[in-house]
Amino acid sequence: MTQHTPRDPVIAIDGPSGAGKGSVSRAIAKALGCRYVDTGAMYRAVAWMATHEGLALDDEPALAALAERVELTLDDQTVLVEGHDVTRAIRTAEIDAAAARVARMPAVREVLVRRQRAYAAAGGLVMLVMEGRDIGTTVFPAAQVKIYLDASSQERAARRASDPAHGLGGATSVLSDVASALEARDHSDRTRKSSPLTMAADAVRVDTTGMPLEGVVEQVLDIVRDRLAARFRA
Ligand code: DC
């Protein structure tokens, strides 16, 4: 008899900054009618609240306690911290850097990973699309589907520079500045000790360089359908 490993009803979407995770994950969740959770927004919200409360960004125990108590409300459009809309405020260059610092701390990650797992528990058997850096490796190693979105570093920087959600001012932002900030943050994400950004062995890598959003969404939806069908056959 085949041994069935229980799988979490999660579509894990990981990858570096600017690979298109946000737009793709939202579109996938919409197409499949499932909930979308942006875990990067959770690290950003903790960093924003820490700055707001004047906490030192190297005080790991205080930041972990903050991650535990802070009230977060996430949907596919907005991020609320203690009921306050921070959707735009968490996407500044200052919070980019602060969130990367906060995300290096094992004590903060432990709290947020627990909170991320609770979203799946709350949803029961309903599928969840969760976006981040360590979803397929650490948060849900038994996710039903794992996608690793990537793109060339030039393209990721160009996308980030023209993304109005990041408040960079489109054409006025200097591409080389965006590219070096992105590179620094990627380096921090890939080299940190606790859950560094890596591709899970059983993830499917999708290189989005030069691809329009609709093409990426179609390709990811095909992978999701294939994977889910294969699981039912197993
Ligand atoms: O995806 P993003 O740029 O909004 O993420 C903000 C920061 O949080 C970034 O430095 C990567 C980090 N992050 C992480 O370490 N683990 C996650 N699951 C999601 C984001």
Side-chain angles (χ1 to χ4, degrees), residues 10-26 36-51 57 60 63-64 66-67 70 72 74 76-79 81 86-120 128-141 143 146-151 153 156-157 159-161 163-168 178-200 203 208:
V10 172
I11 298 171
I13 307 210
D14 291 304
S17 311
K21 296 188 303 292
S23 323
V24 173
S25 304
R26 269 189 204 89
Y36 159 69
V37 179
D38 173 6
T39 60
M42 299 172 77
Y43 290 95
R44 287 174 180 277
V46 170
W48 179 87
M49 191 69 182
T51 312
L57 286 177
E60 186 166 347
L63 292 167
L66 171 65
V70 71
L72 300 175
L74 307 172
D76 62 346
Q77 298 297 328
T78 48
V79 180
V81 172
V86 296
T87 312
R88 285 191 70 81
I90 60 169
R91 310 231 172 246
T92 61
E94 185 196 357
I95 301 297
D96 280 355
R101 282 186 72 178
V102 163
R104 291 181 75 86
M105 297 175 174
V108 173
R109 301 198 70 86
E110 193 187 311
V111 173
L112 291 187
V113 166
R114 200 179 339 112
R115 294 186 70 165
Q116 288 153 14
R117 289 182 180 143
Y119 283 110
L128 190 73
V129 175
M130 190 173 279
E131 173 208 328
R133 303 290 190 292
D134 61 339
I135 311 307
T137 51
T138 302
V139 186
F140 291 107
K146 300 181 189 180
I147 308 283
Y148 188 88
L149 285 187
D150 212 344
S153 47
R156 293 189 293 106
R159 284 182 192 160
R160 203 29 75 89
D163 183 355
H166 275 263
L168 292 166
V178 176
S180 43
L182 198 89
E183 223 161 84
R185 215 147 63 81
D186 271 358
H187 182 75
S188 169
D189 290 339
R190 286 184 213 272
T191 56
R192 66 174 175 236
K193 283 209 179 70
S194 180
S195 295
L197 168 67
T198 48
M199 185 173 123
T208 70

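Both ligands and their constituent atoms are indexed starting at 1 by order of listing. Only this structure's heavy atoms are used, side chains among them; waters, hydrogens and symmetry mates stay out.
When only modelled atom types and interatomic distance are considered, Thr198 and Arg190 share no side-chain donor-acceptor pair under 3.5 Å. Between Thr39 and Arg115, the side chains place no donor N or O within less than 3.5 Å of an acceptor N or O (distance only, hydrogens not considered). Residues Thr208 and Arg159 have side chains that bring a donor and an acceptor to within less than 3.5 angstrom of each other. A side-chain N or O of Thr138 and one of Ser195 form a donor-acceptor pair less than 3.5 Å apart.
Listed for the Lys21 side chain is no donor-acceptor partner under 3.5 Å among the backbone atoms of Arg133.
With Pro106 as the fixed residue, the side-chain contact (heavy atoms from CB on, under 4.5 Å) test singles out one of Arg192, Glu60, Lys193: Glu60.
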Need the list: ligand 1 N/O atoms against protein N/O atoms, distance under 3.5 Å, rounded to one decimal.
residue, atom, partner, partner atom, Å
ligand 1, 1 (O), Arg133, NH1, 2.8
ligand 1, 1 (O), Arg133, NH2, 3.3
ligand 1, 3 (O), Arg44, NH2, 3.0
ligand 1, 3 (O), Arg133, NH2, 3.3
ligand 1, 3 (O), Arg185, NH1, 3.3
ligand 1, 4 (O), Arg44, NE, 2.6
ligand 1, 4 (O), Arg44, NH2, 3.4
ligand 1, 10 (O), Asp189, OD1, 3.2
ligand 1, 15 (O), Arg109, NH1, 2.8
ligand 1, 15 (O), Arg109, NH2, 3.4
ligand 1, 15 (O), Arg192, NH1, 2.8
ligand 1, 15 (O), Arg192, NH2, 2.9
ligand 1, 16 (N), Arg109, NH2, 3.0
ligand 1, 18 (N), Thr39, OG1, 3.0
ligand 1, 18 (N), Arg133, N, 3.2
ligand 1, 18 (N), Asp134, OD1, 2.8

